[in-house]
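Please read the structure below before turning to the comments.
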Amino acid sequence: MTSPQLEYTLQTLLEQLSEGELGTFKSILRAFPLEDVLQKTPWSEVEEANGKKLAEILVNTSSECWIRNATVKVFEELNLPELSEMAKVELLEDGQVEEVDNPELGDLEEDLESAKPEDGQVEDAENREQGESEEDSELAKPGEKEGWSNVMDEQSLVSRNTFWRGDSDNFHEHVTQRNQRFIPFLNPRRPTQPAPYTVVLHGPAGVGKTTLAKKCMLDWKDYNLGPKARYAFYLSCKGLSRLGPCSFAELIAKDQPELQEDVPNILAQAQRILFVVDGLDELRVPPGALIYDICGDWLKPKPVPVLLGSLLKRKMLPKAALLVTTRPRFLKDLQLLAEKPIYIRVEGFLEEDRRAYFLRHFGEEDQATRAFELMRSNAALFQLGSAPAVCWMVCTSLKLQMENGEDPATTCHTRTGLFLHFLCSRFPKDSRLGGTLRVLSILAAQGLWAQMSVLHREDLESFGVQESDLRPFLDRGILRQDRDSKDCYSFLHLSFQQFFTALFYALEKEEEDRDGHAWDVGDVQKLLSGEERLQNPDLIQAGHFLFGLANEKRAAELETTFGCVMSREIKQELLRCRANLHVKKPSSMAGLRELLCCLYESQEDELAKAVMAPFKEISIHLTNKSEMVQCYFSLKHCPDLEKLSLQVAKGVFLENYVDFEPDFELERYPCFTLPNWARQDLQSLHVWKDFCSLVSSNSNLKFLEVRQSFLSESSVRVLCDHIVRNTCHLQKAEIKNVTPDSAYRDFCLAFIGKPTLTHLTLEGHIEWERTMLLLMCELFRTPKGNLQYLRFGGHSATPEQWADFSFLLKANQSLRHLHLSANLLLDEGAKLLYETVGHPTNLLQKLSLENCRLTEASCKELANVLIVSRHLTHLCLAKNPIGDRGVELLCEGLSYPDCKLQTLVLQQCNITKRGCRPISKVLQGACSLTDLDLSLNHIGCGLWILCKALENPDCNLKHFR
């Protein structure tokens, strides 16, 4: 089992767990002896992960052997027999347990072997499961000899060789079998259960749910599963959405009139029937409508939704097996209907499937690899590639360009560019199909707003469109006719329906089109509104395509090919809508990411300039190379940007997170000799160089924040190269919790001698070694430096190193604010620091030592600092257990008339009522304190003592917490 297969299998298992069960799974897992990489992974990532993310974490951090055995063991301890058995079957590969190194998992093999039945027992169990009683045999009268033909002709059900366009050589077998083995009634090794199964296949559009369901119907009748598996009925919600009231018996015989007489006898044997309800999300019903008016009489006429709801609720034919397919949006309603369903996510083509598909389509490995890498360079397009139809479209489009000697690189930059090239390349120039294109765009928009993907013949005919008009689009793979409902058509993929929806808005409106509400379609503003997209996520991609079609070159290409007229006002309309929706100040990082994606899709510089001009602060989270490209395209048109906050997710750069030779240098090797991760890193670094140029090219950029970022040594060097340039005018820089640890050293080196830099924050796991000390020394001593604010936290240094740090501070005359929060300073290090702060030449005004493990032992020295310092006005000792005795010592310093301290933070310092007395005494004297924070201390009645001090007219305190 390869890593992608293992991850998919593990993910499918974990997604069967409830939220509570998944939490218990993690708790049990944590008690196991974890492998090294998993041990180093922050457990908070594991705690926050859903089933899919947890599978990804385990596969990326642990060996396959450990994952298999640990997962089975945890499922056993969870006392989930069915999932435990499924885990054994799928993860342990025919029940064989692999050798494990962990001693606490070492007895797993013995446990499983003792629990595993003998070969003969397995065979007997299968025979018992598949066998029939004499009564069952006598019931099998209709169709006993004819078998499958009484239900549905095999070839009309599904063609084995062409499950999707471009498929050949049974390529679908590998993909469908990966999911099919999880379906219990098709897996003889799965234990039986008293109640019949309800299996829900869910996943995005076009990933093969229907293909898998039809394949299951073929296997349901397979003789290897025994004579029980006899009848299967396929109910396509696409074709049933407009069907009037009928009985359930009439419904299943609708397309097989010869079954009318046999239906009563067949339905009497419900335990031998499989019902496939395909595309439940395509059923046109209001939310929750399927749970009303439940009916158990299969001879009583009812609306189709009532019949299907009764079947799913198991009021109708409760002993039948059910297989349901749906897109994720309908799962919430389905939870109210289905009884203990088994959910199986269908993901279509995994990366290895896509790679294999490209290789077979192109035939020539170099071309296939280049085309595959081009698709992968666009993260959104690559995600769509899980649908086989999209892979076929991409291959077809790129192969044609290669054959014509064209460079296909720019085609994959945006989804709009690829879809447009595919569409226009399928038709000759001046095709004169503008009328049909317009009708298809109207119907696509109507369907998308109604969350329906089907085009009905009657709707087409209402626009005067006949099948002959559709023939050019059918023959070229843009449209397809439903095999089971000949009056129904659909686009090649949902994404093509979204593209045609965007066309509806981008085409010049005819008189009857000017009010979109006439077609039950929202206007552009509604299309781009967050409220509508929340209710109907399919609108999001349509909005992206609309921005893409605002490009003048693309509009001209459509006009030349189809003879249509594109709107010249769409760009201004998009600008008006964006202004009305307040996207000048997006309320969330997700909203900004959406905006940047739309602008990049347009590839219109003028549009980007108009939208981005008002931005002064931007916070972005980069999760892949594509987002980096999109951000750079828009941010280079943001001349007044003053603050940039940046977060880089794990996986964008791989150099420091994979195993390779210690002396490996990425830049020294030819690209074709590099491993796959290194090629990806080189591509990311190329884009990163452009992105980092924003730091040195924007003269108004004053504040750079890099936080929670997984960088690499190479990417850090690139960013630092732009920081040191004279054209970079940063005044504030915050580097928080970044990896690798050596990054802090490189950033320090970049900031040395930066005359504009006044504020610097370095927080995280900082390697406090000699090189870092020398760099800090240069940072403090450089004559060009003007550093006034330093926040330094997240490391543990030795007393000697703190002594060196304190010595460095003496050489600096510009520093005014020093924050050393969350450092392992301890009392010994603090005493060394106090010597520097108390020096007459020290100009420090604010000192924060929050959570530095300080006790009362260093408070005497600190009190002396308060007495002699002429500049220190702000002191924070929060989260240090100095206690009441520490407070008493501090008050000795505060009581001196020469003390200049104005703000004192003693939050969560283990202070009690006793500690309030010296504070009260000081406040009533000639004390300079104006702000005091004693929150999160158990002072109890000490509050009354403090209130008396506040009543004193000599008390200068203005703020008390």
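Source: prediction; values computed, not measured.
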Hey, mind stepping through V263 and I252 against side chain to side chain contact (heavy atoms under 4.5 Å, CB included) and telling me if it holds?
CA-CA 8 Å; V263 164; I252 63 175; 4.1 Å; yes

Residues in side-chain contact (heavy atoms from CB on, under 4.5 Å) with A502, at least two apart?
F545, L546, L549

Can you name the residues that form a side-chain hydrogen bond (donor to acceptor under 3.5 Å, both in side chains) with H493, not counting sequence neighbours?
S495

Do P196 and Q271 touch side chain to side chain, with heavy atoms closer than 4.5 Å?
no

With no hydrogens and no angle check, do the side chains of E282 and Q451 hold a donor and an acceptor under 3.5 Å apart?
no

Measure the shortest side-chain to side-chain distance between L440 and L470 over non-hydrogen atoms and say whether it is less than 4.5 angstrom.
yes

Looking at CH2 of W220 and CZ of R272, how far apart are the two atoms once the value is rounded to the nearest 0.5 Å?
10.0 Å

Holding to ring-ring contact (aromatic ring centres under 6.0 Å, His included), I want the full list of residues that pass it with F473, two or more places apart in sequence or in another chain.
F427

Those residues at least two apart in sequence (or on a different chain) that pass salt bridge (Lys or Arg N to Asp or Glu O under 4.0 Å) with D487 are R457

Minimum heavy-atom distance T325-A213, with the two atoms named
CG2-CB, 3.8 Å

Could you please spell out the steps behind the side chain to side chain contact (heavy atoms under 4.5 Å, CB included) verdict for F182 and I342?
CA-CA 9 Å; F182 292 108; I342 296 175; over 6 Å; no

Quick one, E347 with Q11, criterion side-chain hydrogen bond (donor to acceptor under 3.5 Å, both in side chains). Give me CA distance, side-chain angles, the key distance, then yes/no.
CA-CA 11 Å; E347 294 195 337; Q11 171 193 324; 2.7 Å; yes

With rounding to the nearest 0.5 angstrom, report the CD to CG distance, Q541 to D538.
10.0 Å

Could you check whether any side-chain heavy atom of V199 comes within less than 4.5 Å of a side-chain heavy atom of V324, counting everything from C-beta outward?
no

As an exercise, state the distance from CD of Q269 to OH of Y231, rounded to the nearest 0.5 Å.
4.5 Å

For P204, does its backbone N or O pair with a side-chain atom of K209 as donor and acceptor, under 3.5 Å?
yes

Which residues pass the salt bridge (Lys or Arg N to Asp or Glu O under 4.0 Å) test with K254, sequence neighbours left out?
none

Would you say the side chain of Y197 lies within less than 4.5 Å of the side chain of I183, judging by non-hydrogen atoms?
no

Could you measure the distance from the CH2 atom of W449 to the CZ atom of F504? Nearest 0.5 Å is fine.
10.5 Å

Could you measure the distance from the CG atom of L201 to the OG1 atom of T210? Nearest 0.5 Å is fine.
9.0 Å

Find out whether L308 and C237 are in side-chain contact, i.e. whether some heavy atom of one side chain is under 4.5 Å from a heavy atom of the other.
yes

Is the shortest distance from a Lys or Arg side-chain nitrogen in K526 or E532 to a carboxylate oxygen in the other one below 4.0 Å?
yes

Looking at Q446 and V521, would you say the former's side chain and the latter's main chain have a donor-acceptor pair under 3.5 Å?
no

Run the salt bridge (charged side-chain N to carboxylate O under 4.0 Å, His left out) test on R242 and D459 for me, step by step, so that the C-alpha distance in whole Å, both residues' side-chain angles and the decisive distance to 0.1 Å come before the verdict.
CA-CA 12 Å; R242 297 194 177 188; D459 293 332; 2.6 Å; yes

Using the side chain to side chain contact (heavy atoms under 4.5 Å, CB included) rule, take S453 and L448 through it: C-alpha gap first, then chi angles, then the decisive distance, then the call.
CA-CA 7 Å; S453 65; L448 200 69; over 6 Å; no

Would you compute the distance between atom CG of L10 and atom CD of E56 and round it to the nearest 0.5 angstrom?
11.5 Å

Closest non-hydrogen atoms of L251 and C246, given as atom of the first, atom of the second and distance, are CB-SG, 4.0 Å

Does some side-chain heavy atom of Y489 sit less than 4.5 Å from a side-chain heavy atom of D482?
no

Do R471 and E467 sit within salt-bridge range, that is, some charged N less than 4.0 Å from a carboxylate O?
yes

Minimum heavy-atom separation for G543 and L527, please, with both atom names.
CA-CD2, 4.2 Å

Sequence neighbours excluded, the answer for side-chain hydrogen bond (donor to acceptor under 3.5 Å, both in side chains) partners of K315 is none

Quick note, salt bridge (Lys or Arg N to Asp or Glu O under 4.0 Å) partners involving residues 299-311, not counting sequence neighbours, are D293-K302

Tell me, please, which residues at least two apart from D278 pass salt bridge (Lys or Arg N to Asp or Glu O under 4.0 Å).
none

Flag the pair V276 / L322 as yes when at least one side-chain heavy-atom distance between them is below 4.5 Å, and no otherwise.
no

Tell me, which pairs form a salt bridge (Lys or Arg N to Asp or Glu O under 4.0 Å) where one or both residues lie in residues 11-22, sequence neighbours left out?
E15-R345

Could you list the residues that satisfy side-chain hydrogen bond (donor to acceptor under 3.5 Å, both in side chains) with E339, not counting sequence neighbours?
none

Exercise: identify the closest heavy-atom pair between P388 and G206
CD-O, 3.1 Å

Under the rule for ring-ring contact (aromatic ring centres under 6.0 Å, His included), what residues qualify as partners of F248, not counting sequence neighbours?
F275

Any side-chain heavy atom of F75 within less than 4.5 Å of one from T71?
yes

Testing the basics here: between C295 and V306, what is the closest heavy-atom pair and its distance to 0.1 Å?
CB-CG1, 4.4 Å

For the pair E250 (side chain) and S247 (backbone), establish whether a donor and an acceptor sit closer than 3.5 Å, ignoring hydrogens and angles.
yes

Donor-acceptor check, side chain of N536 to backbone of R533, threshold 3.5 angstrom: yes or no?
no

Derivation of the side chain to side chain contact (heavy atoms under 4.5 Å, CB included) call for L14 and F25:
CA-CA 9 Å; L14 294 176; F25 182 98; 3.7 Å; yes

Minimal heavy-atom distance between C488 and G239, with the atoms involved, is SG-CA, 4.2 Å

R354 (side chain) donor-acceptor with F349 (main chain) under 3.5 angstrom
yes

Any side-chain donor-acceptor pair under 3.5 Å between R314 and T198?
yes

Test side-chain contact (heavy atoms from CB on, under 4.5 Å) applied to A444 - qualifying residues, sequence neighbours left out:
F491, Q497, F500, T501

N/O donor-acceptor pair under 3.5 Å between D281 side chain and R327 backbone:
yes

